[in-house]
Amino acid sequence: MRIRQIYVADSHEGYGWITPEGKAVHRSWLDYITSVFDEEQEGFYHGWHNLYENSFLEKEFFEEIYQTMIELVRYSPPERYLVHGDFHLGNMLGENRNVTGIVDWEMAMFGDFMLDVSVLHTWYPMLEFPKRLQQALEQQGVSIPYFEERLLGHQLFKALDGLRFYAKKDDPHSYQFMKNQIISLLNR
């Protein structure tokens, strides 16, 4: 995964989504992650805590998984990496067996590259991408500290966002699918 090797200049500040000026507004990766679930925000998720009363979003389950996610994301290092934010096969260009380009950078951010690893693994577990990444990096003499904790933490982050999304869209089938994914992740 060569994206993690892209140098993030010290002149680029912060963590989270990158502004057109090349900056991000959060002081840490954890600060960005928690901000995604702030109740007071603009747009689609404005006042989303109302979903606890007005939908099938289960407050106790959500908050328990949220706390687990927070504890795991704390393992993320302070180093900032370029993160695609929507890293999946549909955003990859390739020829033969080689990835030749990555498109759709509208969700680009500075933070923990393990978010991209978790997104790809969540949607395409049969590729065994985390295992292949670890093996490739080990061959180069590189180890990723707290690999499993960071992978699981970011999978829970995306899954919690999915629960909230499907509750807001009134899609109980997809909500249950995502909840089952979370339960499966935690029972490994």
Side-chain angles (χ1 to χ4, degrees), residues 1 15-17 24-78 80-81 83-89 107-131 133-134 144-188:
M1 186 169 147
Y15 297 80
W17 285 355
V25 299
H26 299 281
R27 67 182 187 281
S28 72
W29 182 240
L30 185 61
D31 184 40
Y32 162 72
I33 293 290
T34 58
S35 77
V36 170
F37 297 103
D38 286 347
E39 181 176 12
E40 293 306 318
Q41 50 186 287
E42 297 179 17
F44 184 76
Y45 288 121
H46 175 72
W48 72 269
H49 283 217
N50 292 330
L51 293 170
Y52 292 136
E53 289 85 35
N54 301 323
S55 78
F56 39 81
L57 184 62
E58 302 157 277
K59 183 176 184 176
E60 186 176 321
F61 179 78
F62 190 96
E63 290 183 354
E64 179 182 332
I65 303 307
Y66 177 86
Q67 289 306 315
T68 301
M69 176 206 65
I70 293 297
E71 291 307 312
L72 293 167
V73 171
R74 288 184 195 278
Y75 285 98
S76 294
R80 295 176 314 127
Y81 297 90
V83 178
H84 184 274
D86 196 21
F87 193 70
H88 59 77
L89 296 181
M107 296 176 70
M109 57 186 83
F110 296 134
D112 188 351
F113 69 88
M114 288 298 291
L115 177 64
D116 285 343
V117 176
S118 73
V119 169
L120 186 61
H121 186 58
T122 295
W123 295 114
Y124 307 99
M126 71 294 281
L127 296 178
E128 298 182 325
F129 184 68
K131 178 181 170 184
L133 176 63
Q134 272 188 308
I144 300 174
Y146 304 107
F147 187 91
E148 294 298 326
E149 292 86 352
R150 290 162 60 195
L151 178 65
L152 179 56
H154 291 98
Q155 285 178 295
L156 292 176
F157 168 68
K158 295 303 280 186
L160 283 173
D161 195 33
L163 284 182
R164 183 175 64 159
F165 176 79
Y166 293 127
K168 180 91 172 170
K169 296 294 264 180
D170 193 26
D171 184 348
H173 177 74
S174 297
Y175 176 91
Q176 190 60 49
F177 171 81
M178 195 61 65
K179 182 178 178 183
N180 291 344
Q181 289 287 101
I182 292 171
I183 292 168
S184 175
L185 285 170
L186 294 175
N187 287 331
R188 288 187 191 166

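Under the 4.5 Å side-chain criterion, counting only non-hydrogen atoms from C-beta, Lys158 is not in contact with Gln181. Side-chain contact check for Leu160 versus Val36: every heavy-atom pair is 4.5 Å or farther apart. Side-chain contact check for Trp48 versus Phe37: some heavy-atom pair is nearer than 4.5 Å.
Here CZ of Arg80 is found 11.5 Å from CH2 of Trp29. Values are rounded to the nearest 0.5 Å. Here Gln134 contributes atom CD and Leu151 contributes atom CG; the two are 8.5 Å apart, rounded to the nearest 0.5 Å. How far OH of Tyr15 is from OG of Ser76: 10.0 Å, rounded to the nearest 0.5 Å. One finds the CG atom of Asp112 at 8.5 Å from the CD1 atom of Ile33 (value rounded to the nearest 0.5 Å). Taking NZ of Lys168 as the reference point, atom CG of Asn50 lies at 8.5 Å (rounded to 0.5 Å).
Not less than 6.0 angstrom separates the ring centroid of His154 from the ring centroid of Phe157.
His84 and Asp116 make their closest contact through N-OD2, 2.8 Å (heavy atoms, listed as atom of the first residue, atom of the second, distance). Shortest non-hydrogen contact noted between Pro130 and His121 is CD-ND1, 3.3 Å. Minimum heavy-atom separation, Ala159 to Ile182: CB-CG1, 3.4 Å. Contact between Ala167 and Leu57 at its shortest, heavy atoms only, is CB-CB, 3.8 Å.
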Test log, rule side-chain contact (heavy atoms from CB on, under 4.5 Å), inputs Glu39 and His46:
CA-CA 7 Å; Glu39 181 176 12; His46 175 72; over 6 Å; no
Walk me through whether Leu156 and Leu186 qualify under side-chain contact (heavy atoms from CB on, under 4.5 Å).
CA-CA 9 Å; Leu156 292 176; Leu186 294 175; 4.1 Å; yes
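A ring pair (Phe, Tyr, Trp, His ring centres under 6.0 Å) check over residues 158-188, counting only residues at least two apart or in different chains, returns the pairs Phe44-Phe165, Phe56-Tyr175.
Heavy-atom neighbours of Phe147 CZ from other residues, nucleotides or ligands within 6.0 Å: above the threshold of 12. Other residues, nucleotides and ligands place no more than 12 heavy atoms under 6.0 Å from the OH atom of Tyr75.
Residues that satisfy the side-chain hydrogen bond (donor to acceptor under 3.5 Å, both in side chains) test with His26, not counting sequence neighbours, are Asp31, Ser35. Residues passing the side-chain contact (heavy atoms from CB on, under 4.5 Å) test with Ala24 are Phe110, sequence neighbours excluded. Residues passing the side-chain hydrogen bond (donor to acceptor under 3.5 Å, both in side chains) test with Asn54: none are found, sequence neighbours excluded. The side-chain hydrogen bond (donor to acceptor under 3.5 Å, both in side chains) test applied to Thr34 returns no partner, not counting sequence neighbours. Under the rule for a salt bridge (Lys or Arg N to Asp or Glu O under 4.0 Å), the partners of Lys179 that lie at least two apart in sequence or sit in another chain are Glu58. Asp170 meets the salt bridge (Lys or Arg N to Asp or Glu O under 4.0 Å) test with no other residue; sequence neighbours excluded. Applying the salt bridge (Lys or Arg N to Asp or Glu O under 4.0 Å) test to Asp161 and every residue at least two apart in sequence or in another chain returns Arg164. The side-chain hydrogen bond (donor to acceptor under 3.5 Å, both in side chains) test applied to Ser28 returns no partner, not counting sequence neighbours. With sequence neighbours excluded, the residues forming a side-chain contact (heavy atoms from CB on, under 4.5 Å) with Thr122 are Gln155, listed by chain and number. Residues meeting the side-chain contact (heavy atoms from CB on, under 4.5 Å) test with Leu89, sequence neighbours left out: Met92, Leu120, Tyr124, Leu127.
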Can you give the donor-acceptor pairs under 3.5 Å from side chains of residues 59-72 to other protein atoms, not counting sequence neighbours?
residue, atom, partner, partner atom, Å
Thr68, OG1, Glu64, O, 3.2

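Within the 3.5 Å criterion, the main-chain N or O of Pro145 finds a donor-acceptor partner in the side chain of Arg150.
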